[in-house]
Amino acid sequence: MIREQLIDALGVAAGNAGVDPLPATIELERPAHRDHGDWSSNVALATSKTVGKNPRALAADIVAELERELPAHVESIEIAGPGFINFRLADTWLHEVLESVLDAQPQTFGRSATGDGTHVNIEFVSANPNKPLHAGHARGAIYGDAVARLLEATGHHVTREFYLNDRGVQMTLFADSLAARKRGETVPEGGYQGDYLVDWAAEMPDDADPLEWGYERAVISHKTTLGRLRIVHDVWFSERTLVADGQVEEALQQLRDREMAFDNDGATWLRSTEFGDDKDRVLIKGDGDYTYLLPDIAYHRDKYSRADKLINVWGADHHGYVTRMKAGVGALGHDPADLEIIITQLVDLLRDGEEVRMSGRLGDMVALDDVVDDIGADATRFTFLSQSMDTRQTVDLGALAEKSMDNPVFYVQYAHARIHSLRARAAQAGHVATDAASRELALLTHEREIEMMRVLSEYPDVVALAARERAPHKVITWLRQLAAAFHGFYHDCHVMGDDIDTALTLARLALIEGARVGLVAGLDLVGVSAPEAM
RNA sequence: GCCCUCGUAGCUCAGGGGAUAGAGCAUUGGCCUCCGGAGCCAUGUGCGCAGGUUCGAAUCCUGCCGAGGGCGCCA
C-alpha cells in the first residue's frame, strides 16, 4: 500500500538526513486541503528539536534524500508551512486503490486480521425478562451489535451475549402481576402496569405457571424485537442457572480464599477499596440474600473462562457500577483491564418536538417495536449509530417517521439504488464487465472520479479506527462521504451516452462498481440494508 | 460534596495534536432535450470562559460556568 511505502521511504530518508533516533511512528496523513498534496508528513517538525536544526531546513534535507529516487506514484514533494513534507501523487495511485477495491469485493473490502482471532465476548441489552424492550434500549442494542460487527471485521472471534436477570423479587412481582391480569384483576401494589401484560395474560394457557410462562414469553419478545433490528445474540445466559450450578458459591469461596471477602455487621463484604473503590460493597445482605453484585461477579468469572476479552455495554445510569464491577473481577484475580465497560449516554426521545417520557410506568414509554414499525430497521439502526456514544442523543421519532431528508440513510441507500439502476442499463446496452487487464482505469481523471477513489481509499483506515475506538459512527460518517462523492459524480459524469467513449464507459462502470463495493461493505458493517430499488 | 460524559453554524451532529474547522436540516438563489431531482451547485465573521503544555490546541492538562447521568445491605 502507498501509505506504508511512503512511510518506509520517509524513514530511510530521515535517517540519512541525520535524524537519530527515528521516531517510533512516522506520521503520514491526508491534508485537509487539496493544495497541500495527497499525503503529508510532520517528521521534520516532530524531530527538528532532537536533530538541532530548524524544521524547514531539516525538511529540505529529508526531501533531498527522498528525491534521489522518488517512491512509486510520487510526482513531487514540497515543503510547506512550518516544515510539512507534502507528497503530490499521480492519479495512478488511486487507480491502484480502485483495482484493489474491485478485487476485494464487499466480502473482504476493509476487513483485516489484526484481531488475530482474539475471542471477545460482548454483552449488551441484558434487559430484564419481564417486559418488552422500549425505545431506551435501542441505542445500546444497536451499538453493541455494531461493535460486534466491527470486531468481526477486524479478525476477532465474537460472542454476542445477553444476561438474563431471571431471579429475584422483580420476577416474582412480574409473575404476580401476570396472574392478576389473567384473573382480570388489577395488578398488585408496585406491580407491572403495562398493557402488554393484558395481552400476555390472554395468551397464557390456564394451567401455565405465570412465572415460567411469563419469563419465556418475555424472552421471546426480546428475541423477536431484536431480530427485527438484525440483532442476534449467541448466548442467553441465565442468572438462575448460575445460582443452581453453585457458581455463585464458588465465586464467593474464591473471594474468601483470596481474602477479598469478609464478614461484618452480619453481612458479607467485597474488599473493593483494594481496587480503587471509595468503599467496600455488600455481597450478601444481613437477611442472607445476595445483592446484585455477587451473582454479577460469578457471571463475569464465568465469562472470563470463555473469552480473552470482555466488553459490557451499559447505559449512563449504570456508570456508578463500573468501579465495583472491575473491583469484583480484580478480586477474583482477573485482570480488570480485560473487562472493558462502555457507557453509552442516554437518549432524549421526542415525538414531533415533544419529549416522550422514558421513565416511570411502561404506559409512558415507547416500545422499541413501535419505533421499528414507524421508521423501519434501517433508519433505526442508521440513526442510533450516527453519533458518538459519548454524547447525549436527541431522536425525534415524528421527524424520522416522515422518511424525510432528516434521515441520511436514504441518501446513502439512494446512491446504491442508482448504481444498481446504472448497472442494469449498462447490461441492457451490452456493456459487459471487463477484467482487470482490459479496463482502462487511467481514463478516470475527472475531479469527481478522483474524489470517489480518494474516499474509497480511506475505508480500510476508517474500519480499523472505528473498531479500535469502538466507534461505529465513523463508518456512518464515511458512508455519507462516499454517497456524496457518488452523487456528485453521477451529476457531472455520465457513464453512458453517445458522446461517451466505450472505453470511458467501461472505466466508469468499474468505478461505480467500486462505489457499490464500498457502500455494500460499509452498510453491512453497520447492519443496514443496501436496497437495489427504492 | 465527590465521580463520569458532554458544551463546535439558527437546529442535529462530524472532526479528538497540524497548515484556510466540515456535513445534513433550515434560509436564500440557481440547475431537468440527457443514466432515478430521494440529486447537483452556490449561500455562513461558529470551537462556553480563563489560564497552561507545545514549533503548533476545537483536540492534551488545570480551574470556572452550563447541561445530563451517577454516588443504597435496590437491580
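Here is how names work: the chains are called A, B, and so on, in the same order as the sequence lines, proteins then strands, and each is numbered from 1.
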Looking only at atom [atom1], what distance separates [N] and [M], rounded to whole Å?
N      : M      : atom1 : answer
G44(B) : A23(B) : P     : 12 Å
U20(B) : A58(B) : P     : 11 Å
C71(B) : C47(B) : P     : 36 Å
C65(B) : C40(B) : C1'   : 44 Å
U53(B) : G17(B) : C1'   : 11 Å
U43(B) : G18(B) : P     : 26 Å
C3(B)  : U62(B) : P     : 11 Å
C41(B) : G22(B) : P     : 16 Å

Just compare [options] and give me whichever is closest to any side-chain atom of [X].
X       : options                : value
Q345(A) : G24(B), U5(B), C6(B)   : U5(B)
T391(A) : C41(B), C6(B), A23(B)  : C6(B)
M534(A) : A38(B), U12(B), C6(B)  : A38(B)
T394(A) : C13(B), G36(B), A14(B) : C13(B)
Y411(A) : U5(B), G37(B), C40(B)  : C40(B)
Y414(A) : C35(B), G39(B), C13(B) : G39(B)

Separation of [N] [atom2] from [X] [atom1] (nearest whole Å):
X       : N      : atom1 : atom2 : answer
L479(A) : G24(B) : CG    : P     : 15 Å
I342(A) : U5(B)  : CD1   : P     : 14 Å
D390(A) : G68(B) : CG    : C1'   : 13 Å
R392(A) : G70(B) : CZ    : P     : 10 Å
E469(A) : G16(B) : CD    : C1'   : 8 Å
L482(A) : G24(B) : CG    : C1'   : 16 Å
F384(A) : U12(B) : CZ    : C1'   : 14 Å
Y143(A) : U5(B)  : OH    : C1'   : 13 Å

Check: What class does the angle between the rings of F262(A) and W269(A) fall in, given that below 30° is parallel, 30 to 60° is tilted and above 60° is perpendicular?
Finding: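 Parallel.
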Notebook entry, point to check: Once the angle between the rings of Y490(A) and F486(A) is folded into 0 to 90°, is it parallel (under 30°), tilted (30 to 60°) or perpendicular (over 60°)?
Noted result: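 Correct class here is tilted.
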Notebook entry, point to check: Once you round to the nearest 0.5 Å, how far does CG of L397(A) lie from CG of L350(A)?
Noted result: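 Nearest 0.5 Å value for the CG-CG distance: 8.0 Å.
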Using a distance-only test with no angle check, is there a side-chain donor-acceptor pair under 3.5 angstrom linking [X] and [Y]?
X       : Y       : answer
R167(A) : S238(A) : no
N86(A)  : E78(A)  : no
D390(A) : Q345(A) : no
T383(A) : N407(A) : yes

Contact between [X] and [Y] at the side-chain level, heavy atoms closer than 4.5 Å - yes or no?
X       : Y       : answer
V347(A) : T394(A) : no
L482(A) : E458(A) : no
F174(A) : L197(A) : yes

Notebook entry, point to check: Quick one: is H487(A) getting a side-chain N or O under 4.0 Å of the G37(B) phosphate, OP1 or OP2?
Noted result: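 Indeed not, no polar side-chain atom of H487(A) lies that close.
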Contact class for [X] (heavy atom, under 4.0 Å): base, sugar-phosphate, or nothing?
X       : result
L422(A) : base
R423(A) : nothing
A415(A) : nothing
A417(A) : base

Next item on the list: Measure from the ring center of H446(A) to the ring center of F489(A) and say whether it is less than 6.0 Å.
Entry: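 When the ring centroids of H446(A) and F489(A) are compared, they turn out to be at least 6.0 Å apart.
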Are there any protein N/O atoms within less than 3.5 Å of an N/O atom in nucleotides 18-20 of chain B, and if so, which ones and at what distance?
residue	atom	partner	partner atom	Å
G18(B)	N7	N42(A)	ND2	3.1
G18(B)	O6	N42(A)	ND2	3.3
A19(B)	N6	S40(A)	OG	2.6
A19(B)	N6	N86(A)	OD1	3.1
A19(B)	N1	N86(A)	OD1	3.4
A19(B)	N1	N86(A)	ND2	3.0
U20(B)	O2'	H33(A)	NE2	2.5
U20(B)	O4	D35(A)	OD2	3.0

Margin query: Reading RNA chain B from 5' onward, which residue's closest nucleotide shows up sooner: A484(A) or Q393(A)?
Written below: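 Checking each residue's closest nucleotide, the 5'-ward one belongs to Q393(A).
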Notebook entry, point to check: So, does K326(A) use its side chain to make a donor-acceptor pair with the main chain of P336(A) at under 3.5 Å?
Noted result: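 Here the side-chain-to-backbone pair exists.
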Checklist line | Range-with-range stems for RNA chain B, at least three Watson-Crick or G-U pairs under 3.5 Å | finding: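 Stems (3+ consecutive pairs) listed as B:1-7 with B:65-71, B:10-13 with B:22-25, B:28-31 with B:39-42, B:48-52 with B:60-64.
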So which protein nitrogen or oxygen atoms get under 3.5 Å of nucleotides 71-75 of chain B's nitrogens or oxygens?
residue	atom	partner	partner atom	Å
C71(B)	OP1	Y321(A)	OH	3.1
G72(B)	OP2	K279(A)	NZ	3.2
C73(B)	O2	G286(A)	N	2.6
C73(B)	N4	D265(A)	O	3.1
C74(B)	OP2	K285(A)	NZ	2.7
C74(B)	N4	Y321(A)	OH	2.5
A75(B)	OP2	Y292(A)	N	3.2
A75(B)	N6	Y321(A)	OH	2.3
A75(B)	N1	Y321(A)	OH	2.4

Notebook entry, point to check: Where does C47(B) land, syn or anti, given syn is within 90° of 0?
Noted result: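 C47(B): anti.
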Next item on the list: Work out which heavy atom in S41(A) is nearest to a heavy atom in E27(A); give both atom names and the distance.
Entry: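 Looking at all heavy atoms of both residues, the shortest contact is OG-O, 2.8 Å.
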Item checked: ring-ring contact (aromatic ring centres under 6.0 Å, His included), paired with F162(A), selected from F237(A), F124(A), Y299(A), W236(A) ->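 By the ring-ring contact (aromatic ring centres under 6.0 Å, His included) criterion, F162(A) pairs with just one of F237(A), F124(A), Y299(A), W236(A): W236(A).
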